[in-house]
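Report on the structure given below.
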Amino acid sequence: MNEQHLSRRLEKVAEYVLHEGTIADIGSDHAYLPVYLVGNGICEYAIAGEVNEGPLASAKEKIRQNQLQDKVEARLGNGLEVLEGRKADTVVVAGMGGPLIADILENGQSYLPDVKRLVLQPNIAADHVRRWLYKNGWSLIEEAAVEEEGHVYEVLCADRSGVNPYSKDEFEKQMWLGPYLMKQRNAAFMSKWKKEYDQLLRIQAQLQMAENARTFERQKEMKQKLTWLEEVLA
């Protein structure tokens, strides 16, 4: 991957970024995305946020190599702290677990009032991110499932439009699987959840062998999730 050719995962992330103003990429990984977005005129300015000095140095070198020092800034900070004294139109948090992304957003709420869009790509447990968005007044407006090197990534896009994609009857199911992804049911989505279905069957069998009071609730959870997956995979 170089600054002109993003991975499929980051290509999808880039599609959801607002074509205006400033993007802040939290945990930027060599500043690939900010350099791509600014270098191709998609965004006017970018902040590449890193929490450690090593990745920060790599980001600065990538920016220097592309002669974008006046338009892309690498900043050291924990999560959204890199926005101290700055404003961003789009905030990207990609390549982390869902619970960590939710924590970054929760701990950085004071930096979000001026942000127009969130583009979030959890590697696992996307339901933690959806739940945070729902509880904090952000509207999930689009989702995508992208397969890359055998792993399926979910990309979530949210704004403050007031859109509510969840239904009362299927709220928890949609929170887990993704309300838009359930409708799209593309090949990547189907592949991911077929594997998950097989894994849940194995877990269910293990729970039944060790049946006791402690495993009862877990068995109920497994049964519910298996039923949901049977419905979407049919």
Side-chain angles (χ1 to χ4, degrees), residues 7-13 16 26-27 29 51 79 92-107 118-136 138-158 164-234:
S7 65
R8 291 187 66 193
R9 171 180 69 89
L10 287 182
E11 279 182 352
K12 181 56 67 175
V13 169
Y16 290 146
I26 309 303
D29 185 24
V51 71
V92 172
V93 191
M96 307 176 197
L100 178 55
I101 292 176
D103 284 346
I104 287 171
L105 295 172
E106 181 66 25
N107 295 332
L118 297 174
V119 184
L120 311 167
Q121 183 269 295
N123 288 346
I124 59 169
D127 54 310
H128 287 255
V129 180
R130 293 188 190 95
R131 206 171 295 278
W132 186 91
L133 293 170
Y134 183 81
K135 289 181 177 179
N136 289 277
W138 286 86
S139 299
L140 185 65
I141 59 169
E142 289 189 67
E143 297 177 301
V146 179
E147 188 161 9
E148 180 180 282
E149 297 182 354
H151 188 84
V152 176
Y153 299 95
E154 296 178 32
V155 184
L156 315 181
C157 180
N164 179 16
Y166 303 101
S167 67
K168 183 178 179 181
D169 293 340
E170 292 195 307
F171 181 81
E172 289 299 332
K173 179 181 178 182
Q174 292 171 329
M175 191 65 68
W176 185 45
L177 297 172
Y180 300 104
L181 297 179
M182 284 172 56
K183 293 178 181 178
Q184 297 162 9
R185 292 174 46 167
N186 70 2
F189 173 87
M190 299 296 278
S191 172
K192 170 186 171 72
W193 291 110
K194 282 177 182 176
K195 290 177 183 176
E196 182 70 12
Y197 181 81
D198 291 340
Q199 176 67 12
L200 290 178
L201 282 177
R202 288 191 288 270
I203 295 172
Q204 185 185 55
Q206 292 168 358
L207 289 172
Q208 288 172 345
M209 289 176 63
E211 192 167 349
N212 56 53
R214 289 191 303 173
T215 64
F216 179 70
E217 286 300 318
R218 184 74 168 138
Q219 287 186 49
K220 283 178 60 180
E221 178 188 350
M222 290 299 102
K223 184 176 181 181
Q224 178 63 82
K225 287 184 173 180
L226 285 166
T227 299
W228 288 340
L229 291 180
E230 286 163 2
E231 291 168 357
V232 300
L233 295 175

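Throughout, numbering of the chain's residues begins at 1 and tracks the sequence.
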Tell me if a side-chain donor or acceptor on [X] pairs with a main-chain N or O of [Y] at a distance below 3.5 Å.
X: Tyr16; Y: Val92; result: no
X: Gln204; Y: Met222; result: no
X: Thr227; Y: Lys223; result: yes
X: Gln121; Y: Tyr153; result: no
X: Asn136; Y: Glu106; result: no
X: Glu142; Y: Cys157; result: no
X: His128; Y: Gly97; result: no
X: Arg8; Y: Val146; result: no

Restricting to non-hydrogen atoms, name the atom on [X] and the atom on [Y] that form the minimum distance, rounded to 0.1 Å.
X: Ala188; Y: Ala145; answer: CB-O, 3.6 Å
X: Lys225; Y: Leu200; answer: CB-CD1, 3.9 Å
X: Glu143; Y: Pro179; answer: OE1-N, 3.3 Å
X: Met96; Y: Gly27; answer: CE-CA, 4.0 Å
X: Val232; Y: Arg185; answer: O-CZ, 3.0 Å
X: Leu181; Y: Ala144; answer: CD2-C, 3.6 Å

>> What verdict does the side chain to side chain contact (heavy atoms under 4.5 Å, CB included) test give for Asn164 and Tyr134, after you've listed the backbone C-alpha separation in whole Å, the side-chain angles of each residue and the deciding distance to 0.1 Å?
In response: CA-CA 9 Å; Asn164 179 16; Tyr134 183 81; 4.1 Å; yes
Note: [X]-[Y] ion pair, threshold 4.0 Å (strictly below):
X: Arg130; Y: Glu154; answer: yes
X: Glu196; Y: Lys192; answer: no
X: Arg218; Y: Glu221; answer: yes

>> Taking salt bridge (charged side-chain N to carboxylate O under 4.0 Å, His left out) as the definition, give me every residue that meets it alongside Lys168, ordered by chain and number, with sequence neighbours left out.
In response: none
Sub-4.5 Å side-chain heavy-atom contact between [X] and [Y]:
X: Leu120; Y: Leu133; answer: yes
X: Arg202; Y: Asp198; answer: yes
X: Leu177; Y: Leu229; answer: yes

> With Lys135, which residues qualify under side chain to side chain contact (heavy atoms under 4.5 Å, CB included), at least two apart?
Replying inline: Arg131
> If you count the non-hydrogen atoms of other residues, nucleotides and ligands that lie under 6.0 Å from CD in Gln199, is the total more than 12?
Replying inline: yes
[X] [atom1] to [Y] [atom2] distance, which is reported to the nearest 0.5 Å:
X: Glu172; Y: Asp127; atom1: CD; atom2: CG; value: 9.0 Å
X: Gln174; Y: Asp169; atom1: CD; atom2: CG; value: 9.0 Å
X: Tyr180; Y: Ile141; atom1: OH; atom2: CD1; value: 7.0 Å

>> Assess the residue pair Trp132 and Ile101 against the criterion (side chain to side chain contact (heavy atoms under 4.5 Å, CB included)); give the C-alpha distance rounded to whole Å, side-chain angles, the decisive distance to 0.1 Å, and a yes or no.
In response: CA-CA 9 Å; Trp132 186 91; Ile101 292 176; over 6 Å; no
> Between Trp193 and Trp228, is the ring centre distance below 6.0 Å?
Replying inline: no
